[in-house]
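Reading through the structure tokens given below for one structure.
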Amino acid sequence: MVVVPDRDFDIAKIAASGQCFRLNQTDENTFRLVAQGNELSIESRPSGSVRLNCSREEWDGVWRSYFDMETDYAAIREAIDPNDAYLSAAGAYGAGIRILRQDPWETLISFILSQRKNIPAIKRCVETLCARFGEPLAGAPDRRAFPSAHRLAEVDVDCYNKCALGYRSGYVHAAAQMVASGELDLSRLAVLPDGALMEALLSVPGVGKKIADCTMLFGFHRLNRFPVDVWIERVLTREYPAGFPLSRYAGSEGVLQQYIFYYERTRQRSKKELP
DNA sequence: GACCAGGTGTCCG
DNA sequence: CGGACACCTGGT
């Protein structure tokens, strides 16, 4: 067990932020994550600290980086223009969100699946792929890892249709072919500058700017990406008719995007759930 | 049953 | 180049 006292680490908010599809609430204060070939149980405690069921070595070697603990999110929020009431509120509200360092391949496929789907539907598709094609985890054989590109390249489109991927079946199939064949070498892409990485991702069928931005932000940790989906678009129209000051926040645009997204989605939901 | 959901590719003006 | 429209599927 490891206890992380960092107050800027809120697993409930991260789980609700829509960046990760295999982080699920299992109890009032408990979450389960499958990533990095492992299963991790995470408990948020009243004190604000986080308890994880892993060894100190595993935390230091794997999860500290996965949860991006070396980035100073408080500093990013402190840089928010105090005259920007909306962004200040969104930042305060979303404090504790971090941008996870997820696997690029899993991120790419997950966001290809995400188009025209809500979060529960995306999660269902991802879990179906894992259940059918993923390898059992060494430490938890009843759970399965996200399937490799090599494995998914063997799966035919019909099979994806049976997994209820819909018209995204062909996209997943094509992406798996490209990665398994080496035509799209994700580890090589990781060292490319933003423009070249974006261009490579856009060459995958079914990947447009939004999904490429999400893959860059969540799978390649390019914190300067600012994915614009319909929710963000609404905010930009409503709150920033003169344009969002992206250049002021160069290098941390993606973090602000997550604060805004979480702020909007959570408020929307609580509004809807009122009687 | 119509309509929409964290988009993309295509076709048309 | 900008604007419509179809696309699978599951949920209201």
Side-chain angles (χ1 to χ4, degrees), chain A residues 13-24 90 93-94 97-100 102 106-132 152 155-178 184 197-220 222-223 225-240 244 246 253-275:
Chain A
K13 291 184 188 176
I14 293 171
S17 73
Q19 61 177 296
C20 175
F21 303 107
R22 300 197 80 194
L23 172 58
N24 293 299
Y93 193 82
I97 294 175
R98 316 185 71 82
I99 310 284
L100 308 183
Q102 299 184 69
E106 177 172 345
T107 306
L108 174 64
I109 296 301
S110 298
F111 280 93
I112 286 176
L113 293 177
S114 77
Q115 53 190 149
R116 300 294 297 173
K117 276 185 181 295
N118 55 31
I119 291 172
I122 302 164
K123 287 185 172 181
R124 258 197 311 276
C125 284
V126 170
E127 284 311 320
T128 302
L129 289 183
C130 293
R132 296 192 57 162
L152 288 191
V155 177
D156 60 30
V157 176
D158 253 15
C159 212
Y160 288 131
N161 284 327
K162 287 186 191 131
C163 294
L165 304 195
Y167 65 87
R168 305 157 196 84
S169 291
Y171 299 155
V172 171
H173 182 74
Q177 300 295 323
M178 291 172 73
L184 193 72
L197 173 55
M198 170 64 79
E199 190 185 353
L201 292 173
L202 291 177
S203 75
V204 181
V207 176
K209 182 159 195 320
K210 192 270 177 179
I211 287 174
D213 273 335
C214 285
T215 305
M216 287 177 71
L217 177 57
F218 304 126
F220 289 93
R222 304 292 170 104
L223 297 186
R225 292 295 103 185
F226 189 84
V228 177
D229 55 39
V230 294
W231 294 93
I232 298 295
E233 185 65 48
R234 279 175 212 153
V235 174
L236 296 183
T237 305
R238 190 183 73 226
E239 306 287 340
Y240 299 94
F244 186 83
L246 276 178
E253 297 94 324
V255 176
L256 301 178
Q257 192 270 9
Q258 281 287 279
Y259 288 148
I260 295 171
F261 184 79
Y262 176 75
Y263 187 51
E264 282 299 309
R265 288 303 308 269
T266 309
R267 289 157 87 228
Q268 176 75 23
R269 219 173 320 175
S270 47
K271 242 186 285 179
K272 237 171 40 179
E273 280 165 12
L274 290 176

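Residue numbers start from 1 in every chain, and the chains themselves are labelled A, B, ... in the order their sequence lines are given, proteins ahead of strands. In this text the structure is predicted, and so the values were computed from the model without any measurement.
From A:Leu129, atom CG reaches atom OG of A:Ser110 across 8.5 Å, with rounding to the nearest 0.5 Å.
The residue A:Gly206 sits close only to the backbone: its heavy atoms come under 4.0 Å of sugar-phosphate atoms, none of a base. Residue contacts shown for A:Pro227 are absent, as no nucleic acid heavy atom lies under 4.0 Å away. Contacts of A:Ser17 with the nucleic acid, taken as non-hydrogen atoms under 4.0 Å apart, include base atoms.
For DNA chain B, the outermost nucleotides in 5' to 3' order that have an atom under 4.0 Å from a heavy atom of chain A are B:dA5 to B:dG9.
Remark: A:Tyr167 engages no residue in a side-chain hydrogen bond (donor to acceptor under 3.5 Å, both in side chains) (not counting sequence neighbours). Residues passing the side-chain hydrogen bond (donor to acceptor under 3.5 Å, both in side chains) test with A:Lys13, sequence neighbours excluded: none. Residues that satisfy the side-chain contact (heavy atoms from CB on, under 4.5 Å) test with A:Arg222, not counting sequence neighbours, are A:Asp194, A:Leu197, A:Met216, A:Phe220, A:Asn224, A:Arg225. Residues passing the side-chain hydrogen bond (donor to acceptor under 3.5 Å, both in side chains) test with A:Thr107, sequence neighbours excluded: none. For A:Lys162, there are no salt bridge (Lys or Arg N to Asp or Glu O under 4.0 Å) partners, not counting sequence neighbours. A:Cys125 is linked by a side-chain contact (heavy atoms from CB on, under 4.5 Å) to A:Leu113, A:Lys117, A:Leu165, counting only residues two or more places apart in sequence or in another chain. With sequence neighbours left out, A:Arg22 forms a salt bridge (Lys or Arg N to Asp or Glu O under 4.0 Å) with A:Glu127. With sequence neighbours left out, A:Tyr160 forms a side-chain hydrogen bond (donor to acceptor under 3.5 Å, both in side chains) with no residue at all. Considering only residues two or more places apart in sequence or on other chains, A:Glu253 meets the salt bridge (Lys or Arg N to Asp or Glu O under 4.0 Å) condition with none of them.
Taking atom C1' in both C:dC5 and B:dC3, the straight-line distance is 15 Å, to the nearest Å. A distance of about 25 Å separates the P atoms of C:dG2 and B:dG6, rounded to the whole Å. The separation of C:dC8 from B:dC11, taken at their P atoms, amounts to 15 Å, rounded to a whole angstrom.
Taken together, the paired segments of DNA chain C that extend over three or more consecutive Watson-Crick or G-U pairs, each closer than 3.5 Å at both contacts, are B:2-5 with C:9-12, B:7-13 with C:1-7.
Take the nearest nucleotide of DNA chain B for A:Gln257 and for A:Tyr171: the residue whose nucleotide is more 5' is A:Gln257.
With respect to A:Glu233 and A:Lys210, no salt bridge is recorded, no charged nitrogen being found less than 4.0 Å from a carboxylate O.
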Atom pairs under 3.5 Å: protein N/O with N/O of nucleotides 9-12 of chain C:
unit_1: C:dG10; atom_1: O3'; unit_2: A:Arg124; atom_2: NH2; d: 3.4

